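These notes concern the structure reproduced below.
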Amino acid sequence: IEGDGSVVALGARGRNRPVGSVACEVTSSPLGSQFRGISSGYAVACGIHHRRELFLTADGTGLRGEDSFAKVGDLRTPWSLGRFCLRFHLHPSVRWENPVGKGEVDLVLPSGEIWHFEARGGQVSVEESIWLATGGKPRKSSQICIRGLIGRPEQVHWTFRRRVTS
């Protein structure tokens, strides 16, 4: 993110290309930290702004998020019902277990600690991915995906919670 709020991504053939502006706000309280952001990176191509809110608990045992899409331009025009995919890339050492329910996945860290992921507002799946670390070789990995139609529903809610084992 540049100083003026614009985002530059590495495009085809290694060229930088602007992808829009990002406005964000971060606040903290004794309960945790909250981030609110909106990106115009999809405004020209898709006619939408992407909004994301994150809340991290003060003790670090939970992260919840909400993603939504806002139309750009004439708000009376119906949604085009384009598709979205929210992706959560997992480190190669994180193992996922079969979904434990609709929209839920357990993640097992090398230490044995378990994190529970759940989402509402889209279809959850786990798919193959590639981990690209600085200076390292690409490694096989996984990603959690939430897919759905833009505007149906209006918001996607998701959480990561550390499981307490007895």
Side-chain angles (χ1 to χ4, degrees), residues 1-10 17-91 94 96 99-109 113-127 129 131-132 141-164:
I1 299 176
E2 302 296 321
D4 64 358
S6 65
V7 176
V8 176
L10 193 60
R17 59 182 172 81
V19 294
S21 63
V22 174
C24 63
E25 172 188 15
V26 178
T27 57
S28 294
S29 77
L31 298 176
S33 299
Q34 185 168 16
F35 165 89
R36 291 183 178 143
I38 184 167
S39 168
S40 66
Y42 300 103
V44 173
C46 305
I48 59 169
H49 287 156
H50 175 220
R51 292 184 178 151
R52 174 168 278 176
E53 292 190 22
L54 302 173
F55 181 79
L56 177 64
T57 59
D59 63 2
T61 61
L63 174 67
R64 70 176 183 261
E66 176 183 295
D67 287 86
S68 61
F69 303 95
K71 289 172 47 173
V72 175
D74 187 353
L75 299 179
R76 295 171 296 178
T77 313
W79 282 100
S80 64
L81 294 182
R83 298 187 176 279
F84 70 84
C85 182
L86 303 175
R87 300 175 189 274
F88 300 88
H89 297 271
L90 305 177
H91 188 273
V94 174
W96 64 274
V100 294
K102 189 173 184 177
E104 301 180 33
V105 177
D106 277 341
L107 306 172
V108 182
L109 279 55
E113 187 174 286
I114 298 173
W115 283 75
H116 182 74
F117 174 85
E118 62 183 273
R120 290 178 290 128
Q123 297 293 327
V124 175
S125 63
V126 180
E127 301 176 8
S129 185
W131 179 266
L132 301 172
S141 185
S142 299
Q143 61 184 332
I144 298 171
C145 298
I146 307 172
R147 296 178 189 277
L149 293 175
I150 294 174
R152 290 190 184 167
E154 292 183 12
Q155 299 166 334
V156 178
H157 299 270
W158 50 266
T159 59
F160 287 93
R161 281 182 290 116
R162 185 169 58 195
R163 283 231 166 141
V164 178

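Source: prediction; values computed, not measured.
Using a 4.5 Å heavy-atom cutoff, the side chains of Val108 and Val94 are not in contact. Contact check for Leu86 versus Val156: side-chain heavy atoms found under the 4.5 Å cut-off. Side chains of Trp115 and Leu109 form a contact here, defined as non-hydrogen atoms less than 4.5 Å apart.
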Problem - Step-by-step side chain to side chain contact (heavy atoms under 4.5 Å, CB included) determination, Arg64 to His157 - result: CA-CA 8 Å; Arg64 70 176 183 261; His157 299 270; over 6 Å; no
Handout entry: Test log, rule side chain to side chain contact (heavy atoms under 4.5 Å, CB included), inputs Leu90 and Leu107
Key = CA-CA 9 Å; Leu90 305 177; Leu107 306 172; 3.8 Å; yes
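For Arg161, the side-chain hydrogen bond (donor to acceptor under 3.5 Å, both in side chains) partners at least two apart in sequence or on another chain are Glu118. When the side-chain contact (heavy atoms from CB on, under 4.5 Å) test is applied to Thr27, the partners found at least two apart in sequence or on another chain are Glu25, Gln34. Checked against ring pair (Phe, Tyr, Trp, His ring centres under 6.0 Å), His89 has no partners two or more places apart in sequence or in another chain. Under the rule for a salt bridge (Lys or Arg N to Asp or Glu O under 4.0 Å), Glu66 has no partner lying at least two apart in sequence or in another chain. Qualifying ring pair (Phe, Tyr, Trp, His ring centres under 6.0 Å) partners for Phe160, counting only residues two or more places apart in sequence or in other chains: Phe88, Phe117, Trp158. Among residues two or more places apart in sequence or in another chain, the side-chain hydrogen bond (donor to acceptor under 3.5 Å, both in side chains) test is passed with Trp131 by none. Annotation: salt bridge (Lys or Arg N to Asp or Glu O under 4.0 Å) contacts of Arg36 (sequence neighbours excluded): Glu53. Scored by the side-chain contact (heavy atoms from CB on, under 4.5 Å) test, Arg147 finds Cys85, Arg87, Glu127, Cys145 as partners (sequence neighbours excluded). Partners of Ser33 according to the side-chain hydrogen bond (donor to acceptor under 3.5 Å, both in side chains) rule, which considers only residues two or more places apart in sequence or in another chain, are Ser28.
Taking every heavy atom of both residues into account, Leu56 and Gly62 meet most closely at CD1-O, 3.4 Å. Taking all atoms of both residues into account, the shortest heavy-atom contact from Gly103 to Val124 is CA-CG2, 3.6 Å. Residues Asp59 and Thr61 approach most closely at OD1-OG1, 2.7 Å, considering heavy atoms. Shortest non-hydrogen contact noted between Leu54 and Gly65 is CD2-CA, 4.2 Å. Considering all non-hydrogen atoms of both residues, Phe35 and Cys24 come closest at CE1-CB, 3.4 Å. Looking at every heavy atom in both residues, Gly122 comes nearest to Ile146 through CA-CG2, 3.8 Å.
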What side-chain donor-acceptor pairs closer than 3.5 Å can you find for residues 45-52, not counting sequence neighbours?
residue, atom, partner, partner atom, Å
His50, NE2, Asp67, OD2, 2.6
Arg52, NE, Asp67, OD1, 3.3
Arg52, NE, Asp67, OD2, 2.8
Arg52, NH2, Asp67, OD1, 3.3
Arg52, NH2, Asp67, OD2, 3.0

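Here the straight-line distance linking atom CD1 of Ile144 with atom CD of Glu104 works out to 11.5 Å at 0.5 Å rounding.
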